[in-house]
Amino acid sequence: MNKQSKLSIFILMAMLVGSCQQGTNKNKEEIQEAISLPDAVEFRDTIKGEEISLFTLKNKRGMEVALTNFGARIVSLIVSDKDGVNRDVVLGFNKAEDYNNPEEPYFGPIVGPFGNRIANGKFSLDGVEYTLPQNNGPNTLHGGLEGLHFVVWQAKQLSDEAVEFTCVLPDGKEGFPGDRAFKVMYSVNDNNELTIAYEAKTDKRTVLNLTNHAYFNLNGEGSGTILNHQLQIFADQITPVNETLIPTGELKGVKETAFDFTALKAIGKDIEQDDEQLTFGKGYDHNFVLNETKHDGYNYACRLIGDQSGIVMDIYTAEPGIQFYSGNFMADKVTLKNGATDSFRTGLCLEPQHFPDSPNQPSFPSTEVNPGEVYKTTSVYKFSVQ
Ligand code: BGC
């Protein structure tokens with residue numbers, strides 16, 4: 001082969017390599033383009049006569065969070081995966097009106113004034129019995145029909161990295177006592193942490209248990225089930241439940257049970273085990289009692305890893321428990337942002353909180369709040385890759 005033909009083969013190969021690389025880049029760009037925050041125009045709406053909007057938070061590392069003031073909800077949470085490709089790791093809708101639906105599975109809102117269940121819709125404080133709506137079998141779930149997830153909050157964008165939502169619930173709303181003022185601040189920082197800081201005050205003795213109800217899929221919304229995600233929960237005990245998912249009041253060790261997530265384990269590994277607790281929950285739908293690790297006032301609650309994306313989420317919280325719900329009631333009832341439906345176990349919730357039904361369980365950490373006190377709690381969701 002003469003010098004000239006060697007040179008032409010070399011040029012041809014270089015062109016081929018170049019075009020292949022371009023191809024890969026294009027695919028990556030295409031994916032990046034597909035994964036973007038929802039259109040803010042679709043969130044400019046009026047619900048219950050009040051204005052709804054979309055708010056965005058961004059850090060310097062490309063993490064983006066979209067929130068709406070309807071329910072103070074997380075709509076999108078975009079982070080890069082192990083290959084630098086963006087994924088939206090929470091389930092949600094791409095227009096405000098889709099959230100205004102009683103069938104909506106609590107995608108991303110603040111739930112309260114009392115997250116999770118209160119048995120038979122009743123509790124007593126100072127000898128007064130309060131009656132709440134029974135919106136989940138015989139029990140009250142997530143503050144009743146018109147809980148904080150259905151409130152139009154006032155919003156203030158504090159900076160590119162922080163937004164604050166406030167609202168007031170009047171005395172007797174959904175049966176709970178006290179004129180109550182709530183403040184929730186969402187913020188991001190350059191360590192890829194999303195922090196949710198909660199505050200509330202009341203003018204009458206009441207009970208409060210606030211959390212966020214995001215459905216996560218760390219492989220990306222609509223990418224299949226969460227059963228191959230790896231999960232570790234820093235909890236040696238759970239609060240076992242009865243058939244209506246009300247805690248029995250006992251604490252039960254997780255060792256040698258399907259609830260042992262003390263080391264990283266695939267969520268699907270033991271989920272079909274023959275275990276009364278899994279039968280009651282139709283899978284995992286339980287409060288884990290967090291081991292007190294308290295670094296900087298926070299318990300290290302859990303680590304979740306997307307098996308396809310390598311995205312890691314660590315949750316730190318001031319709360320004593322975390323509800324792990326494996327999406328067992330998801331049943332293709334609604335259409336998500338990217339066009340997929342909410343199929344069985346395609347998202348999971350990890351809700352830092354006080355224990356369910358605490359107002360009726362004297363042995364659980366108290367959820368009572370008095371006038372003059374400030375209810376305060378914080379949870380941090382830290383994203384990285386492996
Ligand atoms: C509860 C589930 C419930 C879900 C509602 C979770 O916090 O533990 O039982 O079905 O919220 O979407």
Side-chain angles (χ1 to χ4, degrees), residues 46-53 55 67-73 99-100 102 106 108-136 139-158 163-186 196-213 318-319 351-361 364-379:
T46 306
I47 296 180
K48 301 176 188 183
E50 301 200 60
E51 274 178 32
I52 309 297
S53 293
F55 301 85
L67 303 146
T68 174
N69 57 321
F70 183 53
R73 289 167 194 261
Y99 287 100
N100 191 16
Y106 301 88
I110 298 302
V111 287
F114 201 96
N116 212 281
R117 293 178 176 76
I118 296 183
N120 303 311
K122 287 200 188 301
F123 70 96
S124 297
L125 272 181
D126 300 327
V128 180
E129 189 179 70
Y130 294 96
T131 301
L132 319 167
Q134 292 161 292
N135 59 336
N136 188 257
N139 306 318
T140 302
L141 179 66
H142 299 326
L145 298 164
E146 296 262 323
L148 289 175
H149 64 293
F150 263 9
V151 169
V152 180
W153 296 58
Q154 300 300 308
K156 204 198 277 177
Q157 181 102 36
L158 303 176
V163 66
E164 182 182 274
F165 295 108
T166 52
C167 75
V168 169
L169 288 180
D171 187 23
K173 176 77 177 152
E174 301 298 274
F176 290 93
D179 282 330
R180 289 144 296 156
F182 298 88
K183 182 156 90 182
V184 173
M185 186 171 84
Y186 287 91
I196 313 180
Y198 305 77
E199 262 187 48
K201 288 180 186 164
T202 180
D203 69 351
K204 232 189 209 177
R205 197 168 158 81
T206 194
V207 291
L208 294 175
N209 191 21
L210 305 183
T211 189
N212 176 277
H213 204 285
E319 289 297 303
E351 306 155 60
Q353 57 170 18
H354 270 58
F355 305 172
D357 196 36
S358 295
N360 295 308
Q361 306 269 355
F364 288 177
S366 172
T367 50
E368 291 173 16
V369 182
N370 295 303
E373 288 173 6
V374 183
Y375 166 99
K376 271 191 182 191
T377 188
T378 301
S379 296

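The side-chain heavy atoms of Leu210 and Leu148, taken from C-beta on, include a pair separated by under 4.5 Å. Side-chain contact check for Val207 versus Phe123: some heavy-atom pair is nearer than 4.5 Å. Asn120 is listed as a side-chain neighbour of Asn139, based on a closest heavy-atom distance under 4.5 Å. Side-chain contact between Gln154 and Asn69: absent, with no pair of heavy atoms (C-beta onward) separated by less than 4.5 Å. Taking the side chain as every heavy atom from C-beta outward, Phe165 and Phe55 approach each other to under 4.5 Å. The shortest side-chain heavy-atom distance between Thr68 and Ile52 falls under the 4.5 Å cut-off. Counting heavy atoms from C-beta outward, Ser358 and Asn209 have side chains that stay 4.5 Å or more apart. A 4.5 Å side-chain heavy-atom check between Asn212 and Ser379 finds every atom pair outside the cut-off.
Taking both residues in full, the closest heavy atoms of Ile118 and Pro359 are given as CD1-CG, 4.1 Å, listed atom of the first, atom of the second, then distance. When all heavy atoms of Thr211 and Tyr198 are compared, the closest pair comes out as C-OH, 3.3 Å. In terms of heavy atoms, Phe176 sits closest to Pro113 at CD1-CG, 3.7 Å. The two residues Arg117 and Asn136 come nearest to each other via the heavy atoms NE-OD1, 2.9 Å. Of all non-hydrogen atoms in Val184 and Tyr186, the two that sit nearest each other are CG1-CE1, 4.0 Å. Nearest approach of Phe70 to Val152, heavy atoms of both residues: CD1-CG2, 3.9 Å.
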Full working for side-chain hydrogen bond (donor to acceptor under 3.5 Å, both in side chains) between Thr377 and Glu319: CA-CA 7 Å; Thr377 188; Glu319 289 297 303; 2.6 Å; yes

Steps toward side-chain contact (heavy atoms from CB on, under 4.5 Å) verdict (His149, His213): CA-CA 9 Å; His149 64 293; His213 204 285; over 6 Å; no

Run the side-chain hydrogen bond (donor to acceptor under 3.5 Å, both in side chains) test on Thr166 and Lys183 for me, step by step, so that the C-alpha distance in whole Å, both residues' side-chain angles and the decisive distance to 0.1 Å come before the verdict. CA-CA 4 Å; Thr166 52; Lys183 182 156 90 182; over 6 Å; no

Working note: Asp357 + Asn360, criterion side-chain hydrogen bond (donor to acceptor under 3.5 Å, both in side chains); need CA distance, chi angles, decisive distance, verdict. CA-CA 6 Å; Asp357 196 36; Asn360 295 308; 2.8 Å; yes

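Taking the six-membered ring where the residue is Trp, Tyr106 and His142 present perpendicular rings, their angle passing 60° and hence far from 30°.
Taking CG of Asn370 as the start and NZ of Lys201 as the end, the distance is 14.5 Å to the nearest 0.5 Å. Distance CG/Asn116 to CD/Glu351: 6.5 Å, rounded to 0.5 Å. In this structure, CE on Met185 lies 11.0 Å from NZ on Lys156, to the nearest 0.5 angstrom. The distance from atom CD of Gln353 to atom OG1 of Thr367, rounded to the nearest 0.5 Å, is 11.0 Å. Interatomic distance, CZ of Phe182 versus CG of Leu169, reported as 4.5 Å (0.5 Å rounding).
By the ring-ring contact (aromatic ring centres under 6.0 Å, His included) test, Tyr99 pairs with Phe93, sequence neighbours left out. Partners of Thr202 by side chain to side chain contact (heavy atoms under 4.5 Å, CB included), not counting sequence neighbours, listed by chain and number: Arg180, Lys204, Thr206, Val369. Partners of Glu146 under the salt bridge (Lys or Arg N to Asp or Glu O under 4.0 Å) rule, at least two apart in sequence or in another chain, are Lys48, Lys173. Residues passing the side-chain hydrogen bond (donor to acceptor under 3.5 Å, both in side chains) test with Gln157: none are found, sequence neighbours excluded. Partners of His354 according to the ring-ring contact (aromatic ring centres under 6.0 Å, His included) rule, which considers only residues two or more places apart in sequence or in another chain, do not exist here. With sequence neighbours excluded, the residues that form a side-chain hydrogen bond (donor to acceptor under 3.5 Å, both in side chains) with Glu368 are Arg205.
The backbone N or O of Gly178 lies less than 3.5 Å from a partner atom in the side chain of Asp171, making a donor-acceptor pair.
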